[in-house]
Structures are given as structure tokens and as C-alpha cells.
Amino acid sequence: MGQRLRSVWPPVLIAVVLLAAWQLLVVIQDIKPYLLPAPSLIASNFFSDVGLMWAAALYTGTTALLGLMFGTVLGILAALLAQRFVVVNNLVTPLAAGLAAVPIIALTPLLNNMFNITSRTPRVLVTVIIVFFPMFVNVTRGLIQVQPVQLELMRSMNARPRTVLRALRVPNAIPFFFTGLKIAAPLAVIAALVAEYFGGPQSGLGSRITSAAANTAYGRAWAYVVASIILGLLFYLTVLALERWTAPWTSRSHHN
Amino acid sequence: MRRLKRGALGVMWALGGVLISVLMWELVKWLGGVISLPMNTSDSAMPHVWTMIGGVGQPEVRGSETTVLEAVVAASAYSLLIALGGFIIGVSVGLLLAIVMQRFAFMERGLLPFVIASQTVPLIALAPLITGIGNRISVGPVQWNTTYSVMFIAAYLAFFPLSVGALRGLQAPTATALELMRSYAATERAILFKLRFPASLPYLVPAMKVSAAAAVVGTVVAEISTGVKGGIGRLIVEYAREATAQPAKVYVAVFGAICMGLIAAAIVTALDVYLTRNLPKESRA
Amino acid sequence: MSIEPTGEATTTEVAVRAEGVWKVFNPGLANEVTALQEIDLTVTRGEFVSLIGPSGCGKSTLLRVIADLTHATQGAIQVAGMTAAQAREDQRYGMAFQQAALFDWRTVRRNVELPLELQGWSKDKRRVRAMELLEMVQLADFAEHRPWELSGGMQQRVAIARSLAVDPPLLLMDEPFGALDEMTRERMQNELLRIREETGKSIIFVTHSIPEAVYLSDRVVVMSARPGRITDVISVNLGQRNEDTREAEVFFESVTAVREALRGRTSGAVRSRVGEV
Amino acid sequence: MSIEPTGEATTTEVAVRAEGVWKVFNPGLANEVTALQEIDLTVTRGEFVSLIGPSGCGKSTLLRVIADLTHATQGAIQVAGMTAAQAREDQRYGMAFQQAALFDWRTVRRNVELPLELQGWSKDKRRVRAMELLEMVQLADFAEHRPWELSGGMQQRVAIARSLAVDPPLLLMDEPFGALDEMTRERMQNELLRIREETGKSIIFVTHSIPEAVYLSDRVVVMSARPGRITDVISVNLGQRNEDTREAEVFFESVTAVREALRGRTSGAVRSRVGEV
Amino acid sequence: SSSSTSSETSAAAPASSAAASAAASTAASESAAPASSAAAEACAELTPVSLQLQWFVQAQFGGYYAAKDKGFYEANCLDVTILEGGVDIVPQTVLAQGGADFAISWVPKALASREQGALITNVAQVFQRSGTLQVSFADKNITTAADFKGKKIGNWGFGNEYEIFAAITKAGLDPAADVELVGQQFDMQALLNGEIDAAEAMTYNEYAQVLEAKNPDTGELYKPEDFNVVNYNDEGVAMYQDAIWASEERLADPAYQDATQRFVQASLEGWIYCRDNAQECADIITANGSKLGASHQLWMMNEVNKLIWPSPLGVGVLDPALYAQTVNVALNTKNLEGATVITAEPAAEAFTTQFAEAANAALTAQGLNTTGDAFAPIEVTLNEGGN
Ligand SMILES: Nc1ncnc2c1ncn2[C@@H]1O[C@H](COP(=O)(O)OP(=O)(O)OP(=O)(O)O)[C@@H](O)[C@H]1O
Ligand SMILES: Nc1ncnc2c1ncn2[C@@H]1O[C@H](COP(=O)(O)OP(=O)(O)OP(=O)(O)O)[C@@H](O)[C@H]1O
Ligand SMILES: [Mg+2]
Ligand SMILES: [Mg+2]
């Protein structure tokens with residue numbers, strides 16, 4: 001419990017200091033909300049809009065979660081294939097790198113045209129593509145980078161490639177997997193959110209942010225930004241908890 | 001010589017990958033014509049590959065001197081340069097953050113949430129701030145221009161994957177290796193440079209790959225966001241506006257971005273090969 | 001130049017046969033190393049052969065070639081009448097590595113269970129067998145610990161337990177007792193002899209301890225430093241080992257013979273010279 | 001209950017003093033292990049003390065506590081008259097670990113150079129010193145190889161060379177010769193004695209080899225299995241070591257004394273009983 | 001900066017026109033605004049000013065490019081840098097922050113920014129009517145907002161949706177229940193693919209895109225007959241769009257006031273020029289780096305002209321009635337989140353007609369027709385892809 005408390009106060013402290021500085025800056029410099037809304041303004045918008053915000057976060061969060069799940073599964077599958085077949089590795093790696101470089105902004109309109117814009121599908125697909133690359137790259141590395149002795153051990157037991165995979169490569173890749181997931185989780189949220197900029201159902205955080213920003217209602221826009229930050233942190237913390245829970249040996253302390 | 005050959009082989013494989021995706025594209029299109037797919041495979045949504053290729057040689061607008069291809073190549077090259085700048089800044093900042101977070105446990109807990117948070121702030125909220133604040137900056141004779149804003153945004157996207165990967169990598173050395181360094185009363189700096197960095201490579205390299213892609217994305221996105229002229233991002237929006245009537249054109253521009261990504265990945269891969277040249281074969285990617 | 005075992009071995013009785021085996025690492029490069037040079041060795045079924053030789057002479061490499069973990073640059077390997085690859089695929093041997101090579105993500109017990117899992121044993125049977133073996137190496141208390149919580153010697157014992165978990169006809173053991181204290185080591189030696197007695201396994205055993213080699217082996221193969229060659233093969237006839245064996249005259253004689261062979265000096269004792277070496 | 005060295009040691013002459021040291025891993029958890037229990041040990045300056053005891057009894061842990069690589073759960077450690085932490089920061093000791101812990105990304109030579117680099121030696125001096133040491137461990141040929149291209153024993157020798165690279169007044173060595181063949185081992189033992197002679201270093205040395213412990217040490221500290229306690233301290237008086245030492249009567253007596261102590265049996269020989277144990 | 005425009009053509013501005021305009025300015029200065037004394041025979045030096053657009057160079061901004069290229073700005077002693085926009089560039093914010101001297105923005109958005117503290121003033125209401133349409137296939141029979149009931153109605157969001165909401169509400173429908181509102185992106189694929197029933201479109205851009213696309217059934221381009229359009233001007237909910245905005249604070253500074261006067265006048269002269277020379281203006285735009293096809297560009301120029309002309313009160317002069325309607329919609333129409341564009345009646349300083357009126361006087365004195373009462377649009381044939 002004490003441990004947990006100790007891990008909470010530093011970010012809270014920093015947040016409080018930053019927010020105070022921000023508020024002070026806005027008040028002292030008399031910065032107008034069209035430029036930079038004060039935290040107090042954002043907060044009042046946040047709390048007055050909580051209901052809508054919850055609904056929007058739920059919509060965008062669902063998109064992000066779906067995309068994260070599919071993207072992760074795809075990334076892992078591709079990594080498994082790439083590890084197993086050099087040909088796949090050689091073919092997929094550059095493709096994945098190329099695909100990863102296509103900006104969401106360019107991708108979304110194309111996908112919106114390929115899939116029904118009124119559905120969630122194009123947004124989930126955008127998220128899948130964003131999530132895929134970090135998962136693929138990290139998991140591939142984790143699957144490949146095993147200790148030579150351990151590989152020899154498996155070979156000496158005549159483990160089939162599949163068994164080597166299950167008993168050695170996969171557990172070895174787990175810290176890499178989580179590294180990838182930690183990168184992918186916040187990106188999934190932002191992808192799901194940005195995908196809403198280009199039309200489609202207008203109930204998510206992204207739509208709300210653009211609509212507020214377009215009206216220079218920056219207090220409201222930032223309130224929604226805060227909601228998306230909370231959503232992103234939630235995703236990240238879930239991954240962290242998952243790591244602690246499923247792979248305790250990776251987070252063992254190296255110092256006594 | 002051997003490296004050159006490997007590089008050439010890599011390019012061949014990349015081309016093979018492109019070829020396969022082209023075939024898949026056309027296959028899906030064809031299938032869409034035969035059976036009902038849950039997607040729109042019409043020429044407007046998924047133009048034929050040859051339509052795209054055909055569009056490449058066309059003049060950009062009627063009567064203009066430059067062809068679409070030339071425009072895309074020039075814009076990609078311009079953006080790639082900005083992306084490279086963003087990548088370098090992003091990697092430096094990401095690495096620095098990772099080092100600070102690794103070094104001070106309370107910093108990890110204190111900073112990481114903000115690093116995550118930074119990535120969930122949509123650019124729409126940031127771009128005006130960055131350009132707005134940027135416009136007021138001038139260091140001596142150097143006046144901030146929007147290109148710097150673009151580079152800044154590219155770095156902003158690039159630093160995150162790197163800091164997460166680097167943090168994990170810096171924590172990767174075995175307990176014994178750390179004890180060895182401790183037994184030498186090695187300074188944190190020495191431990192960092194002589195142990196943690198080399199040991200972090202397996203995590204650092206994939207992180208750099210993701211970062212490189214993020215820098216490219218960031219550049220394009222920022223170009224679109226701020227409307228900076230000359231880059232591929234601007235071209236994509238301009239062509240996208242004609243997508244109703246000329247859907248193939250925008251795909252060509254997108255393909256330019258893909259090529260940028262490929263070049264960025266190739267650079268990182270070359271770096272990877274160089275950095276891991278001394279590790280056992282099994283430990284190489 | 002081939003070294004025949006003391007008895008007349010028919011093909012079916014041969015556990016391992018190496019003929020003219022060479023192993024060159026990084027051939028043609030600046031860091032070329034000839035690890036094995038013209039190795040001829042035959043191990044008959046049920047025989048216990050020790051490999052002894054200076055550090056870096058190629059003992060581990062020879063085991064790895066026999067185990068089909070690396071390919072000989074030249075020469076042929078036969079294990080149980082088949083190629084090394086087939087023997088590996090048929091699981092005709094078990095191997096204990098010089099490094100423990102435990103999996104951090106498994107508990108001690110589950111590390112021992114690994115080969116059983118690969119052979120498809122049921123969960124319960126696996127568990128029983130693993131605990132049996134951990135009992136034998138005196139680590140039952142640590143069954144649910146993680147490998148990195150163990151001392152060096154304890155890790156090595158886990159690796160030994162793992163190598164004995166399944167019951168292959170041939171054991172390849174690379175300095176398995178190197179990190180153990182004398183008492184534990186003697187206990188383990190006796191366990192190994194007991195297992196061999198009961199199962200008739202053939203064993204190739206790398207060690208740096210001359211008394212250990214003599215105590216355990218039917219023959220001690222002495223290798224010379226780089227390039228690794230077999231310089232001597234010393235037959236040991238201690239009969240049934242027991243408490244007094246280590247005190248016996250013939251034991252000391254054999255120890256001296258091996259020591260002399262290692263130092264490159266000739267001794268007239270129970271020793272068969274190899275070819276013209 | 002404190003163990004006094006044979007001579008009367010004034011504080012300035014004390015190299016290491018451990019008083020009432022306990023080490024409990026994972027206290028309060030299911031996998032709690034008491035590795036060290038009430039350890040009292042004083043090593044005078046210039047003394048060579050061996051630690052011997054069953055696998056997992058806490059020898060490595062004791063070294064790591066002395067080296068300030070882990071904290072004692074209870075008790076006090078003094079090294080060269082200061083706290084363990086100060087001594088570590090002052091580089092008052094050098095340590096050879098049970099695992100070689102070489103850095104894969106450095107060549108063999110540059111692994112040996114590592115501590116010199118940290119002490120800010122110039123490139124040329126580093127190189128000369130490293131080659132000198134590699135010469136000593138007979139690995140000069142492998143200077144530009146990578147650690148993973150070496151055999152187990154060769155890796156260990158690199159680690160020994162590395163631990164001797166700088167010249168600290170105290171050496172902590174954890175089974176440094178465990179993976180070496182007998183000849184190399186004897187050579188290394190003599191090298192170590194020579195270095196000690198020349199520099200007057202204090203040495204704490206962990207080994208499983210009773211003859212090695214006896215041959216090298218002024219005192220052999222015998223530890224019992226979990227929880228690790230010091231059960232006996234045996235003084236060895238072999239005088240100047242030479243070729244014949246290993247054949248001397250007094251050598252065998254000491255060996256027997258240590259062996260008996262290890263087996264928990266009392267022998268009347270050159271042995272000082274500890275407290276009421 | 002990469003957004004500066006080429007000035008090759010501006011150097012070639014006909015001397016006579018420049019001289020004429022200069023002369024006219026002098027004449028105007030006697031009759032009208034206090035600030036218009038500047039444009040002398042020869043400028044001692046050019047005042048550098050910048051203009052922030054909402055988007056990339058295109059015929060929507062034809063008047064400003066024409067003014068630059070034709071030397072109207074120079075003749076008014078201005079050296080104008082035109083800053084192009086981008087997706088996330090908010091021109092009125094850039095203006096308020098001092099990143100530009102003038103900005104083009106839609107009135108409701110600028111009023112919203114004003115409410116958030118951006119002190120800006122509408123100094124010339126260039127577009128006299130709204131260019132927003134709701135386009136649907138003819139067979140859907142959507143001819144008025146009332147027909148939206150039960151349909152999937154596309155809108156862009158980004159604050160461009162208020163006219164739609166106002167129209168729906170005005171037609172007695174509940175935006176939340178009676179229609180399905182769908183975000184649409186900046187192409188018309190969703191409409192053509194039948195994913196939505198009616199799409200939001202600007203007369204000068206998206207509507208043209210539809211007409212530049214091939215009808216897969218006929219293999220020919222779509223024709224206007226294939227569609228119905230709902231025009232929000234006809235629905236009585238139109239809001240004012242493109243206007244020139246200046247910094248309210250800085251208008252207290254005589255130099256800036258003077259520059260504003262000259263800028264408005266030269267810009268409006270540019271628009272007059274484009275009215276009379278649509279093709280040439282379209283070419284100027286293309287020469288300034290627009291990537292739009294030639295026929296599309298011309299179409300846009302022509303449609304933009306229709307939004308400006310005729311200007312019964314004079315070009316750039318705000319019509320209080322339409323302004324009141326704009327404010328009314330902005331104040332009272334709620335979007336899906338229940339938000340309105342503004343929450344309070346904007347202050348009187350939000351606009352001034354003084355500059356436009358002075359400019360009109362000066363331009364009329366120059367012999368130019370500033371109302372466009374005889375304006376007749378040209379016929380533009382769209383080619384496939386706008387080429
Ligand atoms: N992967 C490798 N690449 C290059 N050289 C190697 C490799 N593995 C082993 N060698 C070389 O082969 C030789 C024999 O090594 P090996 O491990 O077989 O020795 P060993 O007899 O087992 O020694 P030790 O008793 O120290 O374990 C050594 O000189 C070593 O440097
Ligand atoms: N990090 C750790 N966490 C938990 N328990 C540990 C840890 N390190 C050591 N131990 C326990 O402490 C005890 C002593 O270990 P230590 O390594 O000191 O033994 P040792 O005497 O060096 O044995 P060996 O001769 O086998 O090297 C062992 O029971 C071991 O399980
Ligand atoms: Mg070996
Ligand atoms: Mg130990």
C-alpha cells in the first residue's frame with residue numbers, strides 16, 4: 001500500500017506544480033482563452049460536460065480497444081511468421097515499415113472510402129495499422145533474440161520449431177511484447193481519436209475536440225483533450241498492470 | 001562489398017513485398033467484383049494499380065511542366081529531410097528522458113505519465129500553440145519559421161516510442177553485469193555508456209524503427225496541419241481534394257509517404273546492422 | 001588411427017562413433033580456430049567415457065558435434081548406429097550443458113519438467129518425476145523458486161536434474177559437477193553411477209577433475225590443447241565402485257596415469273597408447 | 001563469538017571485519033531464505049582466507065555483502081577500516097564473480113581493459129596492461145576474439161585477468177578457478193600466490209576444492225549449509241609454498257582437517273573450534 | 001518562409017492601372033475615411049503586411065492574389081505577404097496573436113474567437129452570401145430542409161455544421177432524433193457511394209467535384225440534373241462567410257488604420273478585377289501554385305464571384321440584416337453537444353463598415369463598378385477530374 005502511494009505522488013506533484021504554473025501564467029500574463037485556456041476554465045468545462053465526455057470516451061475507447069486488440073494479434077501473428085520463415089520476414093518487414101510511415105491523416109480518408117464511413121470499421125482499421133508496427137517490430141526482436149545456449153538446449157531435446165517457439169521464444173519475447181504494447185496503447189487512443197477528424201459518426205472524443213476547437217471553444221476542446229489523456233493513461237496503466245501480473249520475472253529488481 | 005550486396009538484396013525483398021501487396025490489392029478488387037465483400041472495391045475507392053501508375057507520368061495539372069511523379073519525388077525528398085531532423089531531435093530527447101527516468105526511479109513515476117499524456121494530446125490542439133508560440137521565437141538573426149514547427153512536431157511524435165523502448169533497454173543489463181560495474185564503483189555515467197547502452201540495443205533498435213516511422217508520420221501530419229508548402233503532406237491534402245474525381249492521384253502521394261517510411265526504415269536497419277555487428281549471430285535481427 | 005574400445009564392439013553395440021572429425025571455427029577468417037583435429041573415438045553401449053584436457057581444447061565442441069548442435073567441418077559421427085541428426089531427432093541422448101541455461105520465466109520445478117513437457121508427459125506425472133529428481137539433487141525445498149534466486153551450484157544441480165529427467169540411452173555431460181562442493185559432488189557421482197547401473201546408459205562426461213574421471217569412467221580420453229586432438233586413452237578397471245574405491249591402490253595408479261598423460265609424459269601404467277602419438 | 005585471527009590484529013591491520021552479519025532474502029515471504037546467520041569474521045591485512053562450504057550455503061552472498069553489492073539484513077561490515085560502501089567507492093577491493101560476466105560487445109582484450117578504462121588509464125597503458133594479463137592467463141592469442149567465441153574455462157580466465165587488472169589491496173574471488181583444468185589451475189594458483197607475495201594483498205577466496213583452499217590459504221573458513229553459519233576456522237601453516245608443498249605431510253593433514261570439518265566431524269588436528277559450535 | 005508567393009507577375013503590373021488607382025485613392029482620401037491619405041503618387045516605401053488565409057491558395061482567395069499580382073497592393077504602398085492556411089491553422093487566432101496583420105475567416109468562427117478574447121474586427125464582408133449547399137441524388141427527393149427527415153445527412157463538423165442544424169430546427173425537426181447526422185470528409189465519395197443521402201458541399205468546390213466525377217452507370221460525368229441541392233440562403237439560415245478581419249486593438253494605431261484602409265481597398269479592387277476577368281484570375285491562382293485543375297479553378301472563381309456579386313451595398317460592405325441573421329443562428333442554434341457558436345450578442349466593435357465604405361467611394365471614384373449590379377456569371381464546363 002505504502003509502495004503504491006509512493007508511486008502515485010511524484011506524477012501528482014508534478015501535475016499540480018505544472019497546473020499551478022499554467023494557471024499563474026494565464027492569470028498574470030492575462031492570456032486570453034482563444035490562445036491558451038486556463039486550467040480552471042478547462043476544469044469547469046470538464047465537470048459541466050462530464051456526461052457527454054463519458055459517452056465520447058466510451059465510443060473512442062471502444063474503437064481504440066478493438067484496434068489495439070486486432071493490431072496486437074496481427075502484429076504477433078506476423079512476428080511469428082517472420083520468425084519462422086525468413087521469406088516472410090524479408091517481405092513483411094519493409095512493408096510494415098512503409099505502412100507505418102503512412103500518416104493517419106492520409107490513411108483515414110482512403111479507408112473511409114474503402115469501408116463504409118458511417119460505420120466504425122475504418123477507424124478501427126486505422127488503429128490496427130498504427131498498433132501493428134510497434135507490436136510487430138518488438139515481438140519479432142524478442143522472438144529472435146534468445147540466448148544461444150538456450151536454443152541449443154531446446155535443440156538437444158529435439159524440440160520442434162513450434163515447441164521452441166512455445167517454450168523458449170515466446171516467453172523470451174514477453175518483455176519485448178510489453179515494450180511494444182506500452183508504445184502501442186497510447187498510440188491506439190490517439191489513432192482512434194484522430195480517425196474521427198475525417199467524418200463518420202460524430203460521438204467520439206475526436207469529433208468533439210474538432211467541433212469545439214473550430215468554434216474557438218478551447219476550454220471545452222481542452223476538457224475533451226484531458227478526457228483523451230485520461231483514456232490514454234488508462235490504457236497504459238492497464239498494460240503495466242498486465243505486465244506485472246503475467247510476467248513477474250521481467251520486472252524483477254536488479255538492485256538489492 | 002558484402003554489406004552492399006546485403007543492402008541490394010534488402011531492396012529486392014522490399015520490392016517483392018510491394019509486388020505482393022499490389023497483387024493482393026488487385027485480388028481484393030477482383031473479388032469485390034465477383035462476390036460481395038464488406039467493403040467498397042469500386043474504382044473510386046480502390047483505383048487499379050495501373051491507373052495509379054498511369055497517373056504518375058501525367059502533368060500535375062494540365063499544362064504544368066512537372067509530372068505527378070516529379071512533384072511527389074521532390075516533395076518526399078523535402079519532407080524526408082525534415083523528418084530526419086525530427087528523428088534526430090526525437091531520438092536525442094527520448095534517450096535523454098529514458099536516461100533520466102532510468103536513473104531516478106521517482107522520475108520514472110513522475111515523468112512517464114506525462115510522456116504518455118503528451119502522446120494523447122491531439123495535434124489539432126497543439127499545432128496552433130506550437131506555431132503560435134514559435135512565431136514569437138527568434139534567436140538572434142534566426143527567425144523561427146513554420147518548417148521548424150513541422151520538425152518540432154515530428155520530434156514530438158518520434159521521442160515517445162524511443163523513450164519507452166530505451167527505458168526498457170537501459171534496464172536490461174543482468175544483475176551480475178551491474179554488480180560488476182558496482183564493484184568497480186563505476187559512476188552512473190560510466191555504467192550508462194559502458195553497460196546500459198550496449199545492453200539496451202536489442203530494445204533500442206526496434207524502438208528506433210518505430211520512431212523513424214513516427215518522425216515521417218509527424219512530418220506529414222504537421223505539414224498538413226500547418227499547411228507548410230513543399231512537402232508530401234501538403235501534396236497529399238491537395239491531391240485528396242481531387243479524390244472524388246481522381247482517386248488514383250492521392251494514392252500516388254501516399255505511396256510517396258510509404259517510400260519515405262521505407263527509406264527511414266532502411267537507414268535504421270543499416271544502423272542496426274552496424275550497431276549489432278559484434279553480437280553473436282543469434283542476437284542479431 | 002581409430003581408437004578401439006577395450007572390448008570387441010559390433011556395430012549394434014556402438015553408442016557413439018566419431019571418425020576423422022575436424023571442427024574449424026571461422027574458417028578462412030582472421031579469427032580462425034581449429035577446435036578439433038582428426039578425432040577418432042568409439043564409445044560402446046553402456047560404457048562410461050570421460051573427456052579430460054586443458055581448458056579450451058575442444059571438449060565441449062566435441063560433445064556439441066556428437067549432439068548435432070554444431071556441424072563437424074569434416075568427418076563422420078554415428079550415434080546408436082544412425083547419424084547424429086537422426087539420433088538427436090530420436091532423442092537418443094540427453095545433454096547437460098556447461099552453463100546451466102535455465103529459463104528465468106519458469107520455476108525450478110518447471111525447468112526440470114521442460115523435457116518431460118516436450119515428450120508429452122501428463123501434468124501430474126511430470127510433477128512427480130520433477131520432484132523426485134529435485135529430491136535427488138537436494139533442492140526439493142526450492143522447487144517453487146526462480147532460477148535467479150539460486151546459487152551457482154544450485155543452478156547447476158537443477159540443470160543436472162533436468163538432463164536426467166527423461167531416460168535416454170546416452171548421456172552427454174559437460175562439466176556437470178564443476179560448481180559443486182566435494183560432498184555434494186561425491187553424492188552426485190554415486191547417483192550417476194547408480195543410474196548407469198540401473199539403466200545401462202552410455203555416458204560421455206567432461207570433467208577437469210582427474211579423480212572424478214577415474215572414479216566414474218571405464219575409459220578416460222585425454223585431449224591436448226589447441227588444436228584439440230586425442231592424445232591418450234586410459235582404461236580404468238576399478239570394478240564395482242564403493243566407499244573404498246577412492247582409497248584403492250589401483251585408483252591412485254589410474255589417477256597418476258591420467259595426470260601423466262595430461263602433462264604429456266608417458267607412464268607405464270594401465271594405459272593404451274594411441275596410434276603413433 | 002567473534003573469530004579472532006591467529007595473530008593479534010590491531011584495527012589498522014584489519015582488512016575485513018564482519019560482525020553479526022545476517023542476510024535474509026525475501027523476508028516475510030513464502031520464499032524466504034536465510035542465507036547468512038550471525039557471521040563473524042576478521043581478515044587481517046595480507047591474509048589469505050578461503051571460504052569453503054556446501055553449495056548454496058552463502059559463500060557468494062557473504063562476498064557480495066563484503067563488497068557492498070547487497071546489504072546485510074543485520075550486522076556490520078568493515079573493510080580497511082571503513083564501511084563497505086566507502087571501501088567500494090574507494091576501490092579498495094577487486095572482485096572476480098562466480099559467473100564470468102563478460103560483455104559480449106567488447107573483445108576479450110577490451111573486457112580486461114574495462115576496469116582500467118573506468119580508472120581513466122590511457123589507451124596505450126591499458127592495452128599493454130591487458131595484454132600482460134592475457135599473457136598470464138595464456139589467452140594472448142584470443143585478445144581480439146569475442147567472449148562468446150571462448151570456451152567456459154577461457155571465459156573464466158578472462159574474468160580473472162580482469163579482476164587482477166587494477167591493483168586493489170583486497171581481492172574477493174568467487175570460485176575463480178572452478179572451470180579450469182588441473183594444470184592451468186595450479187599455474188593460476190601459483191600466479192595468485194606470487195601476486196600476493198609481491199603486493200601484500202589480502203584475499204578472500206571461495207572454492208570447493210579442499211586442496212586448493214589449503215594450498216592457498218592462511219586460514220580456511222568452513223561454512224555449514226542453510227542457514228549459512230561459520231562452523232570452523234582452520235589455520236594452515238604450510239610456510240612458503242613450492243613444488244613439494246602438495247606432497248608434504250602437513251598439507252595432507254590440513255586437507256583432512258578441512259574435509260572432516262566439512263563433514264561436520266571433529267578432528268583433533270590443526271583446528272580451532274569456534275565458540276560453542 | 002515557404003508560404004510566400006511568387007512575385008514575378010506583380011512586377012509586370014500595367015503601369016497605367018497602377019497610376020490610375022493611385023490617382024483615385026488620392027481623390028477618395030478627400031471625401032472619406034480619415035486613414036486613407038496614404039497612397040501617394042510614388043510610395044516613399046512599401047508597408048509590409050501579411051494576410052492569413054484559411055486554406056491553401058485557390059480561387060476562393062482570387063481577389064487577394066489578383067491584387068498582389070496586378071500591383072494593386074503595391075499601388076497602395078503595401079508589400080503583402082499571403083500566408084496560406086492548413087488544416088489546423090485558425091486565421092483569426094493567428095491574427096489576434098500577431099502572426100499576421102489581416103486574416104480571412106468565416107464570420108461565425110471569428111465571432112466565437114472574439115468571445116474567447118481574440119480582439120478582431122470585421123473590416124470587409126467580402127462574401128455576401130453563403131456558399132453552403134446540401135447535395136443529394138435527384139431520386140432522394142430532398143429539395144428543402146424539411147425533406148431531411150429520416151435521412152442520413154452529411155456534415156463536416158469543424159463548426160461548419162450550424163447552418164444545417166439551424167435549417168433542420170427551422171423546419172421543425174429535432175436534429176438529435178429526426179435525422180441521422182453523419183460526419184463526412186472533404187471529398188464526396190460517401191455521397192456517390194450512397195453511404196449518406198445528402199452531403200454538405202460548397203458551391204465552389206465540393207459541388208464541382210461531384211460534377212467532375214464519372215457516373216459509373218453511364219460512363220459520363222454526372223450532370224447537375226442528377227442532383228438536388230438545398231441552398232441555405234434559400235432556407236433563411238445562411239451565415240456570413242469569408243470576411244477580412246483586422247486587429248481591433250491595433251486599429252487605434254493610425255499607421256495600422258491607414259494600412260488597413262489601403263489593404264481593404266486594394267483587396268476589393270482585386271475582387272472587382274476577378275469579377276471582370278475570371279479566367280485570368282484563375283490563371284493567376286494556378287501560377288501561384290494551386291494544384292487544382294484548370295476547369296475546377298475557373299468554376300471556383302466563377303462561383304465565388306456569384307457569392308460576392310452583386311453587392312447591393314457596395315463590395316465588402318456588411319449588410320446588417322444578414323449579419324443579424326448570422327448572429328441569431330450563432331447564438332441560438334445548438335449542435336449535437338448542445339453548444340452554440342457564441343453565448344452572447346457580440347459587441348458593436350465586432351465589425352465596422354467604415355473601411356469598406358471608404359474603399360467603395362475611392363474605387364467608384366476610380367471609375368470602377370463596386371456593386372456589380374450588372375454582374376453575369378460565365379458558363380464553366382467542368383472536365384473530368386477538374387482538368
Ligand atoms: N562459437 C565459436 N566461435 C569461435 N570459436 C569457438 C566457438 N566455440 C568454441 N570456439 C573455440 O573452440 C575452442 C574449443 O572450445 P571448447 O568450448 O570446445 O573448449 P573446452 O575444451 O570445452 O574448454 P573448457 O574446458 O574451457 O570448457 C576454443 O579455442 C574456443 O575458442
Ligand atoms: N537474489 C536472491 N534471491 C533469493 N535468494 C537468494 C538470492 N541469491 C541467493 N539466494 C539464496 O541464498 C543462499 C546462498 O546463496 P549463495 O549464492 O551465497 O550460495 P553459495 O554458497 O555461493 O553457493 P554455491 O557454492 O553453489 O555458489 C541460497 O540458498 C540461495 O538460494
Ligand atoms: Mg567446455
Ligand atoms: Mg556461489
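Note on naming: letters A, B, ... go to the chains in the order of the sequence lines (proteins, then strands), and numbering restarts at 1 for each one. Not measured: the values here are computed from a predicted model.
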Taking every non-hydrogen pair under 4.5 Å, which of [options] racks up the most with chain A?
options                               : answer
B:Val216, B:Val164, B:Leu111          : B:Val164
B:Thr269, B:Val221, B:Ile263          : B:Val221
B:Ala83, B:Ala117, B:Ala265, B:Cys259 : B:Ala117

Looking only at heavy atoms, what is the nearest atom pair of [X] and [Y], with distance?
X        : Y        : value
B:Thr120 : A:Ser228 : O-OG, 3.6 Å
A:Leu91  : B:Gly17  : CD2-N, 3.2 Å
A:Ile183 : B:Phe160 : O-CE2, 3.4 Å
B:Val210 : A:Phe133 : CA-CE2, 3.7 Å

Atom pair [atom1] ([X]) and [atom2] ([Y]), whose distance is rounded to the nearest 0.5 Å:
X        : Y        : atom1 : atom2 : value
B:Ile116 : A:Leu234 : CD1   : CG    : 12.0 Å
B:Phe114 : A:Leu233 : CZ    : CG    : 8.5 Å
A:Thr179 : B:Leu204 : OG1   : CG    : 11.5 Å
A:Leu95  : B:Ile258 : CG    : CD1   : 8.5 Å

At a 4.5 Å cut-off on heavy atoms, which part of [X] comes close to chain B: side chain, backbone, both, or neither?
X        : value
A:Val12  : neither
A:Ala100 : both
A:Ala15  : both
A:Thr210 : both
A:Leu18  : side chain
A:Ile14  : both
A:Phe176 : both

Would you check if A:Phe178 and B:Arg168 make a side-chain contact, meaning some heavy-atom pair closer than 4.5 Å?
no
Please tell me if the side chains of A:Arg141 and B:Asp272 come closer than 4.5 Å, counting only heavy atoms from C-beta onward.
yes
The residue among A:Leu193, A:Ile209, A:Ile229 that forms side chain to side chain contact (heavy atoms under 4.5 Å, CB included) with B:Val121 is A:Ile229
Give me the one residue out of A:Thr93, A:Asn90, A:Val86, A:Val92 that meets side chain to side chain contact (heavy atoms under 4.5 Å, CB included) with B:Trp13.
A:Asn90
Proximal component of B:Phe255, with respect to chain A [non-hydrogen, under 4.5 Å]:
neither
With a 4.5 angstrom heavy-atom cut-off, is it the side chain or the backbone of B:Leu19 that approaches chain A, or both, or neither?
neither
Ranked by heavy-atom pairs below 4.5 Å to chain B, first place among A:Val189, A:Leu237, A:Asn138 goes to A:Asn138
